[in-house]
Amino acid sequence: MLNFGGTEEKVVTREEFPLEKARDVLKDETIAVIGYGVQGPGQSLNLRDNGFNVIVGQRKGGSSWDKAVKDGWVPGETLFEIEEAADRGTIIQYLLSDAAQIEVWPRIKPYLTPGKALYFSHGFGITYNDRTNIIAPEGVDVILVAPKGSGTSLRRLFLEGRGLNSSFAIDQDATGRAFDRVVALGIGVGSGYLFETDFKREVYSDLTGERGTLMGAIQGIFEAQYDVLRANGHSPSEAFNETVEELTQSLMPLVAENGMDWMYANCSTTAQRGALDWKDKFRDAVKPVFEDLYQSVASGEEAQRSIDSNSQKDYRVKLEEELKELSESEMWQAGRTVRKLRPENAG
């Protein structure tokens with residue numbers, strides 16, 4: 001247990017549960033990673049490099065199958081069609097997208113025989129099972145490890161000898177071994193440390209974060225400040241540097257290393273005064289939006305919107321149009337130019 005500002009949390013570190021122990025816990029297991037999209041590559045490659053018995057299940061003939069082959073997975077040996085991988089695995093890591101999990105579930109469920117473990121990295125399918133129909137059989141462990149970042153980041157930090165923190169949860173302990181299994185898997189995929197949650201809290205916090213400070217809110221704030229600077233005569237380069245580049249390249253790495261309190265204490269007195277004067281105004285302005293967002297997540301409204309939109313035949317076309325609009329905005333065109341001018345890219 002660790003104490004965070006007076007609140008105790010159950011946390012597992014690599015010192016408490018070393019890689020050697022994780023290997024021993026899973027020495028007789030076959031980990032079948034179903035899906036090779038966002039989380040699949042990073043988790044499966046890290047597990048493989050850490051010495052676990054891993055196979056991948058993916059639809060043959062698609063781009064993800066080809067990517068898996070390029071990453072060293074061998075068809076017929078470590079790379080199989082989804083059903084065969086699920087049959088071979090004693091632990092099924094269900095890492096398809098939320099929409100694909102719903103679609104593929106009827107094909108996976110017959111292979112969830114007693115004693116196996118069903119592993120997720122997102123609580124969506126289980127938490128909203130009245131909408132997804134993903135209901136695990138009673139005889140299997142249902143566990144979760146959710147890295148707090150993309151699969152790309154998980155892999156990159158692993159190769160750098162570092163780790164990405166993850167949450168873990170147990171929804172169903174049918175074997176009595178669910179805790180050891182989930183923590184061993186968390187260590188195996190490259191977690192820095194593991195903190196306990198449950199499936200509902202994981203998905204509530206995750207959906208709020210994605211729509212909030214991780215992506216939605218930060219893009220909205222970027223747009224607002226950039227637009228105000230441009231409207232008042234500042235050049236694209238100046239507006240982008242003051243809005244995005246200084247934040248991501250200079251300040252956020254220092255915040256990550258030392259905290260925002262340290263940042264406040266180590267900037268100019270002019271910056272300190274302005275930040276202290278304006279932070280509460282921004283907090284008070286956006287907190288009602290976050291409250292609305294959280295209630296939308298908790299009510300299932302966000303989940304249903306996601307399910308409904310992802311199930312439309314023209315969803316991918318509409319999504320590409322929205323992403324293209326974002327990509328072609330002046331701000332992110334300016335960003336591409338600024339990134340090319342960074343010293344490491346110049347010359």
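Expressed to the nearest 0.5 Å, how far CD of Glu83 lies from CD1 of Ile34 amounts to 8.5 Å. With values rounded to the nearest 0.5 angstrom, Gln93 atom CD is found 8.0 Å from Ile143 atom CD1. Here Asp180 contributes atom CG and Leu185 contributes atom CG; the two are 10.5 Å apart, rounded to the nearest 0.5 Å. For the atom pair CD (Glu257) and CH2 (Trp262), the distance works out to 8.0 Å, reported to the nearest 0.5 Å. A distance of 10.0 Å separates CD1 in Ile221 from CG in Leu247, rounded to the nearest 0.5 Å. Of the inter-residue distances, the one linking Gln101 atom CD with Thr132 atom OG1 reads 8.0 Å to the nearest 0.5 angstrom.
Criterion: ILVMFWY side-chain heavy atoms under 4.5 Å apart, direct or through other members. Under it, Phe199 and Ile92 are part of a common hydrophobic cluster. Note on Val182: it clusters hydrophobically with Leu95, by side-chain heavy-atom contacts below 4.5 Å among ILVMFWY residues. In the hydrophobic clustering of this structure, Ile218 groups with Tyr226; members are Ile, Leu, Val, Met, Phe, Trp, Tyr whose side-chain heavy atoms approach within less than 4.5 Å, directly or through other members. Hydrophobic cluster membership differs between Phe282 and Phe290, with clusters built from Ile, Leu, Val, Met, Phe, Trp and Tyr side chains linked at under 4.5 angstrom. With hydrophobic clusters built from ILVMFWY side chains whose heavy atoms lie under 4.5 angstrom apart, Phe124 does not share a cluster with Leu319.
Not a single donor-acceptor pair under 3.5 Å links the side chain of Asp314 to the backbone N or O of Val317. Counting only distance, with no hydrogens or angles, the side chain of Glu202 and the backbone of His122 share no donor-acceptor pair below 3.5 Å. Within the 3.5 Å criterion, the main-chain N or O of Lys10 finds no donor-acceptor partner in the side chain of Glu196. With hydrogens and angles disregarded, no donor-acceptor distance shorter than 3.5 Å links the side chain of Glu246 to the backbone of Asn241. Checking side-chain atoms of Arg211 against main-chain N and O of Met215 turns up no donor-acceptor pair under 3.5 Å. No donor-acceptor distance shorter than 3.5 angstrom exists from the side chain of Arg273 to the backbone of Ser268, with no hydrogens or angles considered. No donor-acceptor pair under 3.5 Å is formed between the side chain of Arg162 and the backbone N or O of Arg156.
Here Trp332 pairs with Phe240 under the ring-ring contact (aromatic ring centres under 6.0 Å, His included) rule; sequence neighbours left out.
In summary, the side chains of Tyr111 and Asp87 do not present any donor paired with an acceptor at a separation below 3.5 Å, with no hydrogens or angles considered. Between Thr197 and Ser167, the side chains place no donor N or O within less than 3.5 Å of an acceptor N or O (distance only, hydrogens not considered). Judged by distance alone, the side chains of Glu16 and Thr13 do bring a donor and an acceptor atom under 3.5 Å apart.
Residues Gln312 and Lys318 are in side-chain contact: their nearest non-hydrogen atoms beyond the backbone lie under 4.5 Å apart. Here the side chains of Glu325 and Glu322 are not in contact, with every heavy-atom distance at 4.5 Å or above. Put simply, the side chain of Glu223 reaches to within 4.5 Å of the side chain of Leu326, judged on heavy atoms. Side-chain contact between Leu229 and Gln225: present, with at least one pair of heavy atoms (C-beta onward) separated by less than 4.5 Å. Side-chain atoms of Leu144 and Asp171, non-hydrogen and from C-beta on, never get closer than 4.5 Å to each other. Residues Asp141 and Ile170 are not in side-chain contact: their nearest non-hydrogen atoms beyond the backbone lie 4.5 Å or more apart. Ile102 is not listed as a side-chain neighbour of Asn133, based on a closest heavy-atom distance of 4.5 Å or more. Proximity of Leu26 to Ile91: side-chain heavy atoms (C-beta onward) are separated by under 4.5 Å at one or more points.
Within 6.0 Å of NZ on Lys109 lie more than 12 heavy atoms contributed by other residues, nucleotides or ligands. A 6.0 Å sphere centred on CZ of Arg316 holds no more than 12 heavy atoms belonging to other residues, nucleotides or ligands. Sparse packing is recorded around NZ of Lys60, with 12 or fewer heavy atoms of other residues, nucleotides or ligands lying under 6.0 Å away.
Across every non-hydrogen atom of Tyr36 and Ser44, the tightest pair is CE1-OG, 3.4 Å. Heavy atoms only, all atoms of each residue included: Pro75 and Val69 are closest at CG-CG2, 4.1 Å.
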The test is side chain to side chain contact (heavy atoms under 4.5 Å, CB included); show your working for Glu330 and Arg230 and say whether it passes. CA-CA 10 Å; Glu330 184 191 89; Arg230 290 288 287 123; 2.6 Å; yes

Would you please test Ser121 and Gln43 for side chain to side chain donor-acceptor pair (under 3.5 Å) and show each step? CA-CA 10 Å; Ser121 284; Gln43 293 199 33; 2.9 Å; yes

Could you go through the side chain to side chain contact (heavy atoms under 4.5 Å, CB included) check for Arg107 and Glu81 one step at a time? CA-CA 11 Å; Arg107 294 158 53 192; Glu81 290 274 6; 5.6 Å; no

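Ion pairing of Asp98 with Arg131 is absent here, as no side-chain N (NZ or NE/NH1/NH2) approaches a carboxylate O to less than 4.0 Å. A salt bridge links Arg177 with Glu29: the closest approach of a Lys/Arg side-chain nitrogen to an acidic carboxylate oxygen falls below 4.0 angstrom. At a threshold of 4.0 Å, the pair Glu301-Arg305 counts as salt-bridged, since one of the basic side-chain nitrogens sits closer than that to a carboxylate oxygen. Looking at Arg283 and Asp280, a side-chain N of the basic residue comes within less than 4.0 Å of a carboxylate O on the acidic one, giving a salt bridge.
Listed by first and then second residue, the side chain to side chain donor-acceptor pair (under 3.5 Å) pairs involving residues 288-300 are Ser296-Glu302 (not counting sequence neighbours).
If you run side-chain contact (heavy atoms from CB on, under 4.5 Å) between Leu96 and each of Ile108, Val104, Val38, only Val104 comes through.
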